[in-house]
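Chain naming here is simple, since letters A, B, ... match the order of the sequence lines and numbering starts at 1 in each.
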There are 2 protein chains.
Amino acid sequence: MKRAKKKIFADFIAQRGLKTTKQRDIILDSFLSSDRHLSIEELYLKLRAKHPNIGYATVYRTLKLFAEAGLAREMQFGDGQTRYEHVGEGEHHDHLVCTRCGHIEEFENETIEKLQDEVANSRGFLVERHRLELYGLCSGCRK
Amino acid sequence: MKRAKKKIFADFIAQRGLKTTKQRDIILDSFLSSDRHLSIEELYLKLRAKHPNIGYATVYRTLKLFAEAGLAREMQFGDGQTRYEHVGEGEHHDHLVCTRCGHIEEFENETIEKLQDEVANSRGFLVERHRLELYGLCSGCRK
DNA sequence: AAGTCGATGAATATCACTTTCATGATGGCG
DNA sequence: CGCCATCATGAAAGTGATATTCATCGACTT
Ligand SMILES: [Mn+2]
Ligand SMILES: [Mn+2]
Ligand SMILES: [Zn+2]
Ligand SMILES: [Zn+2]
């Protein structure tokens with residue numbers, strides 16, 4: 001699965017006439033083996049341990065590339081940092097966010113998705129994407 | 001209704017030991033007679049026409065006050081600007097956002113709200129608030 | 001091997017707030 | 001009323017995250 005995503009990125013790079021670099025390989029590998037929902041800075045700091053020579057700007061630009069390649073999605077959970085989450089082929093999910101510890105859980109609910117479309121249709125909207133986030137206390141933080 | 005909201009703000013001001021000012025009166029009046037979902041800058045520019053002496057910082061601080069007083073809610077629709085929308089007593093709604101013209105519509109759907117609670121319960125989350133936004137083309141922009 | 005053009009990293013710029021500070025207003029009190 | 005302790009205001013400066021610039025490096029073509 002990691003292999004498949006690397007292939008997707010390699011194809012994207014080739015098709016756009018871009019170049020394979022050591023940094024991109026390292027950043028992609030690290031991204032793929034990371035927690036979902038990482039901020040630029042989090043990934044940058046994680047990388048810096050083993051690769052002190054990789055710059056923040058490169059991490060920033062590379063994550064943007066991942067998003068363009070369809071490997072990542074930019075998310076905003078209101079904490080002031082853009083987070084990048086992993087995206088699988090044709091996958092979709094929404095989020096539960098803990099306002100105390102920052103824990104993020106994902107969920108899917110077909111019925112909700114369907115109702116959203118109905119609402120949009122009734123208003124003449126053509127929906128391209130949506131965001132549904134539930135903020136509150138996770139089970140751990142409720143105690 | 002405008003009168004009622006002015007009363008709410010006056011009470012809030014009094015109860016907090018703050019002061020009535022010409023600027024606050026003007027800004028509140030303008031906010032109440034504006035489009036829903038205004039950014040700080042939009043309201044500032046609108047005001048500047050008739051009141052060139054009112055500063056950006058005052059508009060900024062006053063909108064924050066409205067939010068604290070329960071008259072306004074801060075919203076983020078991903079265009080890089082915080083927007084303030086009108087809040088009515090105990091009201092709630094979600095949004096349809098046009099990605100082409102910026103038009104914003106509101107909707108309510110009890111069934112979706114109920115399903116959200118079910119999802120949260122099944123994960124042990126206690127939901128405090130949520131955001132549901134549908135992004136796409138409004139009926140006008142689809143043509 | 002050389003040349004071309006994209007990639008990198010450090011530094012700088014942007015952008016939307018957010019705070020500071022000197023000065024101006026408000027309103028409780030005598 | 002008139003004082004004056006406080007709060008409010010506006011211009012300017014500060015912040016923090018993101019975005020861009022620029023000199024230099026390194027891939028890939030020939
Ligand atoms: Mn996710
Ligand atoms: Mn609204
Ligand atoms: Zn938690
Ligand atoms: Zn539109």
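Within the nucleic acid shown, B/Ser39 has no heavy atom closer than 4.0 Å to any nucleic acid atom.
Atoms CG (B/Asp25) and C1' (D/dA8) sit 13 Å apart, rounded to a whole Å. Rounded to whole Å, the distance from OH on B/Tyr44 to P on C/dT18 is 17 Å. Following rounding to the nearest Å, A/Gln15 (CD) and D/dC28 (C1') show an atom-to-atom distance of 18 Å. We find that NE2 of B/His51 is positioned 12 Å from P of D/dG10, with the value rounded to whole Å. The distance from atom CD1 of A/Ile26 to atom P of C/dA7 is 16 Å, rounded to the nearest whole Å. Atoms CD (B/Glu42) and P (C/dC17) sit 11 Å apart, rounded to a whole Å. Straight-line distance from the CZ atom of B/Arg83 to the C1' atom of C/dC17: 15 Å, rounded to whole Å. For A/Lys22 and C/dG9, the NZ to C1' distance is 16 Å, given to the nearest whole Å.
Nearest to the side-chain atoms of B/Gln81 among the listed nucleotides C/dT8, C/dG27, C/dA16 stands C/dA16. The side chain of B/Ile54 sits closest to D/dG10 out of C/dC5, D/dG10, C/dT8. Candidate nucleotides D/dT18, D/dG10, C/dT26 were compared by shortest atom distance to the side chain of B/Lys19, and C/dT26 ranks first. For A/Leu18, the listed nucleotide lying nearest its side chain is C/dA7; candidates were D/dC28, C/dA7, D/dT18.
A donor-acceptor pair is defined here as one N or O able to donate and one able to accept, closer than 3.5 Å; no such pair exists between the side chain of B/Arg24 and the backbone of B/Ile13. B/Ser39 contributes no side-chain N or O that, together with a main-chain N or O of B/Gln81, makes up a donor-acceptor pair within less than 3.5 Å.
Within residues 57-80 of chain A, the residues that place at least one heavy atom under 4.0 Å from DNA chain D are, in residue-number order, A/Ala57, A/Tyr60, A/Arg61, A/Lys64, A/Gly80.
Between the side chains of A/His37 and A/His95, a donor-acceptor pair is found at a separation under 3.5 Å. A/His92 and A/Glu106 form no side-chain donor-acceptor contact under 3.5 Å, judged by distance and modelled atom types alone.
Toward the 5' end of DNA chain D, the nearer of the two residues B/Gly17 and A/Glu41, judged by each one's closest nucleotide, is B/Gly17. The nearest heavy atom of DNA chain C to A/Gln23 and to B/Thr21 marks one nucleotide each, and the one closer to the 5' end goes with A/Gln23. For the pair A/Asn53 and B/Thr82, nearest-nucleotide mapping onto DNA chain C gives the more 5' position to A/Asn53.
In the displayed structure, A/Lys50 atom NZ is contacted under 6.0 Å by at most 12 heavy atoms of other residues, nucleotides or ligands.
Between A/Asp25 and A/Lys6 there is no salt bridge, since no side-chain nitrogen of the basic residue lies less than 4.0 Å from a carboxylate oxygen of the acidic one. The residues B/Arg83 and B/Glu85 are annotated as not salt-bridged, no charged nitrogen and carboxylate oxygen being separated by less than 4.0 angstrom.
For the pair B/Arg24 and D/dC7, the criterion of a side-chain N or O lying under 4.0 Å from OP1 or OP2 is not met.
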